[in-house]
Amino acid sequence: MTDVSFYEYSKLNTEEKAALLRRSETDISSFIEKVAPILEAVRTEGDKALARFGRELDKADVTEANLKVTEAEFDAAFKLVDDSVVESIKFGIDNIRHFHEEQKPEAMWLKEIRPGAFAGDRFTPIQSVALYVPRGKGSFPSVTMMTSVPAVVAGVPNLAIVTPPAPDGTVDAATLVAARLAGVETVYKVGGAQAVAAVAYGTETVKPALKIVGPGSPWVVAAKRSLSGVIDTGLPAGPSEVMILADDTVHGGLAALDLLIEAEHGPDSSAYLVTHSRRVAEEAIAALPEHWSKMTEQRVGFSKAVLTGKTGGVVLTSSIEESYEFVNAYAPEHLELLSTEPFIHLGHITEASEILMGTHTPVSIANFSLGPNAVLPTSRWARTFGPLSVTDFVKRSSIGYVTAPAYPEFAKHSHNLALYEGFSSHALAVSPVRDAYLKKGA
């Protein structure tokens with residue numbers, strides 16, 4: 001039996017508790033240095049650099065001539081993907097679209113703040129957005145669904161997917177199926193830091209975008225941070241993380257089953273089971289070998305690395321209140337409230353990007369087909385960011401309209417404050433000078 005990392009929370013000192021909160025991407029300074037020459041090469045060399053990095057870093061058969069997916073490649077993808085998978089993609093897209101249509105803000109609202117004075121908001125789509133779909137440790141049509149659908153619902157006119165190519169120079173077929181079914185027809189065979197640079201600067205083939213969204217490796221995260229002054233990099237979405245909060249109403253084997261969902265993404269993932277029940281903790285640890293025996297070798301390797309390392313394992317608390325404390329301190333990307341009475345716990349959780357309730361709502365369902373977005377902030381950014389949404393693809397403009405009858409009162413108070421703050425032009429604009437022009441019909 002592989003030794004799973006096990007912690008008794010109440011016995012940890014302050015430094016040991018803080019160590020549990022660290023993610024694999026917390027310190028990416030070394031990656032910042034490594035991506036710098038990649039970003040500069042793409043900026044100065046364009047397609048030539050993209051093709052070179054595709055061959056060198058992705059070990060893929062790509063050239064300057066085939067960086068963009070063709071219509072024929074889209075058509076062929078539908079023949080390569082099993083009908084059952086296509087059906088599941090359609091099912092997921094339908095639910096994701098319904099959810100995000102409900103989430104879409106009304107185009108404009110105005111409220112009469114005082115008689116004759118109106119203020120409100122107007123929402124318009126961002127004109128161009130790039131959607132990053134990772135591939136290094138698997139194929140992710142689900143990420144395509146989660147990023148494309150809200151962008152299409154929001155009405156973004158120029159959408160493009162960037163995703164790493166396979167060794168043969170192709171894009172994952174199911175990703176192309178999901179893209180077309182969601183309404184995106186532009187896909188570039190570019191991944192990693194070079195993809196972020198490509199959509200930030202633009203190349204001969206890749207059109208520049210105003211924003212990029214989607215999860216990625218530390219290389220992608222580092223590139224986003226480095227280029228945040230060039231392109232809007234959206235919410236911070238790095239390596240996967242999950243926390244299973246289990247009370248004493250469930251079997252530990254079920255908790256172990258769900259603990260593995262995000263742990264299998266890669267050795268840079270984070271995954272913790274937190275429970276105040278020693279029985280649940282022991283059952284979970286005991287069940288892991290049986291679960292691993294039913295998984296593929298690669299995924300077993302990834303999840304074992306996480307659960308025996310410093311970013312995963314089992315945390316035994318002294319009380320349910322202490323469990324809440326740890327969850328809120330951790331601010332997880334995915335949180336399962338594994339309980340037969342999950343709503344009892346919900347009110348105690350303030351820091352989590354996604355909260356999945358009960359024994360029938362594993363992360364698997366949320367990742368693929370429930371509807372809410374599964375592109376989520378990681379590394380404790382759930383404290384200030386929410387899940388990817390329609391509002392990430394629109395921009396908000398404030399609207400103001402003051403009528404002639406309402407103007408004098410607003411002018412008086414604005415004039416007083418302008419003088420107090422020392423802004424003479426502010427004051428002049430709402431002084432009798434303006435009144436004179438208005439009388440002339442200006």
Side-chain angles (χ1 to χ4, degrees), residues 21 23-26 28 31-32 35 96 99-100 103-105 123 125-134 140 142-154 156 159-163 182 184 191-193 195-196 199-200 209-243 262 265 268-270 328 330-335 349-356 363 366-367 370-396:
L21 306 181
R23 273 69 155 185
S24 61
E25 65 155 328
T26 299
I28 62 168
F31 288 96
I32 295 287
V35 302
I96 296 165
F99 177 87
H100 288 87
Q103 190 182 64
K104 185 178 180 180
F123 294 89
I126 297 172
Q127 290 300 298
S128 58
V129 181
L131 314 172
Y132 189 87
V133 177
F140 300 102
S142 58
V143 176
T144 303
M145 295 153 60
M146 291 293 178
T147 54
S148 298
V149 172
V152 171
V153 169
V156 178
L159 286 169
I161 290 170
V162 283
T163 187
V184 179
V196 182
V199 296
L210 296 172
K211 186 171 186 174
I212 180 170
V213 302
S217 68
W219 292 85
V220 172
V221 174
K224 286 182 177 181
R225 289 192 190 177
S226 299
L227 294 173
S228 60
V230 181
I231 185 172
D232 182 345
T233 55
L235 66 87
S240 301
E241 53 189 60
V242 69
M243 183 164 287
E262 295 298 300
H265 271 288
D268 55 356
S269 297
S270 303
N328 287 325
Y330 194 86
E333 176 191 19
H334 303 276
L335 171 67
I349 304 301
T350 59
E351 313 297 334
S353 184
E354 174 182 74
I355 304 173
L356 304 174
V363 174
N367 276 350
L370 185 59
N373 210 287
V375 176
L376 309 164
T378 58
S379 294
R380 302 182 79 196
W381 284 109
R383 294 176 298 172
T384 58
F385 283 86
L388 190 70
S389 72
V390 169
T391 57
D392 287 291
F393 297 97
V394 298
K395 56 191 183 295
R396 183 170 57 88

From [X] [atom1] over to [Y] [atom2], what is the distance, rounded to the nearest 0.5 angstrom?
| X | Y | atom1 | atom2 | answer |
| --- | --- | --- | --- | --- |
| Lys395 | Phe123 | NZ | CZ | 11.5 Å |
| Arg23 | Asp268 | CZ | CG | 13.0 Å |
| Leu235 | Lys224 | CG | NZ | 7.0 Å |
| Leu210 | Asp232 | CG | CG | 8.5 Å |
| Asn367 | Leu376 | CG | CG | 8.0 Å |
| Ile212 | Thr233 | CD1 | OG1 | 8.5 Å |

Of the non-hydrogen atoms in [X] and [Y], which two are nearest, and what is the gap between them?
| X | Y | value |
| --- | --- | --- |
| Ala237 | Val221 | O-CG2, 4.2 Å |
| Thr350 | Asn328 | N-OD1, 2.9 Å |
| Ala331 | Ala382 | O-CB, 3.8 Å |
| Arg383 | Arg380 | NE-O, 3.0 Å |
| Phe140 | Pro134 | CD1-O, 3.1 Å |
| Ala182 | Ser148 | CB-CB, 3.6 Å |

Are any side-chain N or O atoms of [X] and backbone N or O atoms of [Y], one a donor and one an acceptor, separated by less than 3.5 Å?
| X | Y | result |
| --- | --- | --- |
| Lys211 | Ile126 | no |
| Tyr132 | Gly192 | yes |
| Asn373 | Ser389 | no |
| Glu333 | Glu241 | yes |

Apply the test side-chain contact (heavy atoms from CB on, under 4.5 Å) to residues Ile161 and Thr144: give CA-CA distance (whole Å), side-chain angles for both, the deciding distance (0.1 Å), then the verdict.
CA-CA 8 Å; Ile161 290 170; Thr144 303; 3.6 Å; yes
Go through it in stages, so that I can follow the logic: the residues are Tyr330 and Leu335, the test is side-chain contact (heavy atoms from CB on, under 4.5 Å), and I'd like the CA-CA distance, side-chain angles, deciding distance and then a yes or no.
CA-CA 10 Å; Tyr330 194 86; Leu335 171 67; over 6 Å; no
Is there a side-chain contact between Ser270 and Pro239, using heavy atoms and a 4.5 Å cut-off?
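Heavy-atom side-chain distance check fails, nothing below 4.5 Å.
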side-chain contact (heavy atoms from CB on, under 4.5 Å), that's the test. Do Leu131 and Phe393 meet it? Break it down for me.
CA-CA 11 Å; Leu131 314 172; Phe393 297 97; 3.9 Å; yes
